[in-house]
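Have a look at the structure below, then the notes.
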There are 2 protein chains.
Amino acid sequence: MERKSQQRPLRADAERTVRAILEAAERVLSSNPAATMEQIAEAAGVARTTVHRRFTSREALVDALTAWATRQFHEAVTSAHPDSAPPLIALYQATANVLRVKIGWGFAMSRTTPEDPEVARAHADVLAQCDRLFQRALEAGVLRPDTDLAWARRVYYALIHEAAQNRSDEADDVDELATLVVDTLLRGLGRQGSSLSP
Amino acid sequence: MERKSQQRPLRADAERTVRAILEAAERVLSSNPAATMEQIAEAAGVARTTVHRRFTSREALVDALTAWATRQFHEAVTSAHPDSAPPLIALYQATANVLRVKIGWGFAMSRTTPEDPEVARAHADVLAQCDRLFQRALEAGVLRPDTDLAWARRVYYALIHEAAQNRSDEADDVDELATLVVDTLLRGLGRQGSSLSP
DNA sequence: ATAACTTGCAACACCAATGTTGCAAGTTCT
DNA sequence: AGAACTTGCAACATTGGTGTTGCAAGTTAT
């Protein structure tokens with residue numbers, strides 16, 4: 001959990017505080033994106049002034065949160081080897097990995113790319129990997145030949161988003177969710193022959 | 001376009017102003033949910049004080065917007081006869097109708113149910129109609145027998161949401177979008193036999 | 001032990017957005 | 001035409017959130 005643009009190392013207690021603030025921010029902001037610094041501070045168990053000492057501004061806090069989540073997001077996708085593993089395998093792996101991150105970091109990951117160049121690059125990279133994976137899936141015959149890849153990607157993102165909200169009980173297995181997502185993406189929910197275009 | 005809790009009728013010019021404000025609010029808020037009254041007023045071509053004369057508070061404005069959109073939403077679903085028409089037909093009709101409303105009223109419809117009892121009832125009613133329709137679809141063999149109906153409804157909502165964002169060019173036919181949604185929902189995007197569970 | 005660091009607290013300055021009012025000029029309705 | 005209504009404008013009060021500072025008390029590292 002390294003913070004950016006922080007020239008000198010923090011003492012252990014400060015390090016803990018930063019962690020607590022980021023985690024509290026995620027919790028509070030995911031339930032209310034317009035929450036105040038006061039609420040975040042309270043949830044983190046620190047004084048509001050302390051939050052301001054660690055993060056120059058509200059924006060800086062949110063950016064740090066985003067950067068942190070983005071790094072994990074990138075790692076989740078990359079470690080599924082979407083460019084080399086068989087498309088279906090990679091799709092499943094990436095889905096499971098991303099779900100693991102997205103559950104618990106929903107707010108941070110829902111942020112649209114901020115101006116931070118590092119974050120923007122990571123997002124773009126993930127997007128590109130996703131597109132290449134879908135391209136390969138198409139060529140491998142996993143996707144129907146007439147599939148609109150832009151639509152496919154958006155449906156995929158949306159399904160992951162929905163699945164991530166699903167964790168009503170914590171025991172809900174990520175692998176189960178990933179299966180549900182991939183299955184829904186590929187087969188849909190209809191019986192064979194029930195669709196509009198036969 | 002009746003406003004609630006407005007005992008006396010408005011003069012024609014005032015009526016137009018209210019319309020302009022609501023439409024401007026939708027436009028502005030859909031691109032920036034945190035937009036100020038000033039920005040909304042400017043987009044509506046009126047002074048900020050006028051907005052405050054017509055709507056007691058910011059909340060009142062957003063509520064009016066939500067109520068207005070909710071009424072259209074309800075009408076869109078009900079007019080598809082989801083309780084009597086053949087499931088697949090009703091599904092398609094409802095999808096097309098809702099898309100027509102949702103394109104252009106995206107912000108107002110994305111609001112989570114406010115405390116207004118009328119709005120809450122309308123939302124609940126739509127939800128119930130949707131659930132019954134899916135139940136009938138299941139029994140008619142349109143959906144696979146093992147389908148989780150709660151998941152189905154969420155996927156359906158999500159697909160509609162995504163499709164509504166798609167109107168890059170305005171000429172994008174709503175019927176085409178509805179077909180895409182229903183098709184994706186029922187068949188998914190994969191080739192037959194490409195899924196995880198065979 | 002002691003120097004360096006971190007925190008809570010209280011107090012403050014600041015700003016942007018909300019909401020109000022009075023009045024003059026313009027519009028609608030009959 | 002005249003009454004009733006609506007609007008823009010300027011000015012103002014208020015509020016809530018942001019960001020700052022100084023200091024005393026507590027913690028960490030060496």
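Atom set for the values below is all heavy atoms of this structure, side chains included, hydrogens, waters and symmetry mates excluded. Sequence lines set the chain letters: A, B, ... in the order given, protein chains first and strands last, and positions in each chain run from 1.
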* To do: Sequence neighbours left out, what passes side-chain contact (heavy atoms from CB on, under 4.5 Å) with B/Thr147? Give chain and number order.
  => A/Leu189, B/Leu138, B/Leu143, B/Arg144, B/Ala152
* Listed by chain and number, what are the side-chain contact (heavy atoms from CB on, under 4.5 Å) partners of A/Ala35, not counting sequence neighbours? -> A/Val28, A/Leu29, A/Asn32, A/Gln39
* To do: With sequence neighbours left out, write down each residue that passes salt bridge (charged side-chain N to carboxylate O under 4.0 Å, His left out) with A/Arg16, or none if nothing qualifies.
  => none
* Counterpart residues, side chain to side chain donor-acceptor pair (under 3.5 Å), relative to A/Thr184 (two or more places apart) -> B/Trp151
* **Phosphate contact (C/dT7 OP1 or OP2) by A/Thr50 side-chain N/O below 4.0 Å** => no
* **Integer-rounded Å distance: D/dG17 C1' and A/Ile40 CD1** => 12 Å
Filtered N/O pairs between nucleotides 13-16 of chain D and protein, under 3.5 Å:
none

* Looking at residues at least two apart in the chain, or sitting in another chain, which of them share a side chain to side chain donor-acceptor pair (under 3.5 Å) with A/Thr56? -> none
* Five-pair end axes of the helix from C/dA1-D/dT30 to C/dT30-D/dA1 and the angle they enclose, rounded to 10° -> 50°
* **Geometric class of the B/Tyr156/B/Phe134 ring pair [parallel <30°, tilted 30-60°, perpendicular >60°]** => tilted
* To do: Please tell me which of B/Arg58 and A/Thr17 maps to the more 5' nucleotide of DNA chain C, matching each residue to the nucleotide holding its nearest heavy atom.
  => A/Thr17
* **A/Gln135: side chain to side chain donor-acceptor pair (under 3.5 Å) partners, not counting sequence neighbours** => A/Glu139
* Asked: What nucleotide, of C/dT6, D/dT6, D/dG8, holds the atom closest to the side chain of B/Arg54?
  -> D/dT6
* For A/Thr50, all residues meeting side-chain contact (heavy atoms from CB on, under 4.5 Å), sequence neighbours excluded -> A/Thr17, A/Val46, A/Ala47, A/Arg53
* Taking only residues two or more places apart in sequence or in another chain, which ones pass side-chain contact (heavy atoms from CB on, under 4.5 Å) with A/Arg153? -> A/Leu127, A/Cys130, A/Asp131, A/Tyr157
* Mark up nucleotides 20-30 of chain D, 5' to 3', with B wherever a protein heavy atom is under 4.0 angstrom from a base atom, S wherever such an atom reaches only the sugar-phosphate, and - elsewhere. => BBB---BBSS-
* Structure fact -> With sequence neighbours left out, the residues meeting side chain to side chain donor-acceptor pair (under 3.5 Å) with A/Asp83 are A/Arg132
* **Whole-Å distance separating the CG atom of B/Leu61 from the C1' atom of C/dG19** => 14 Å
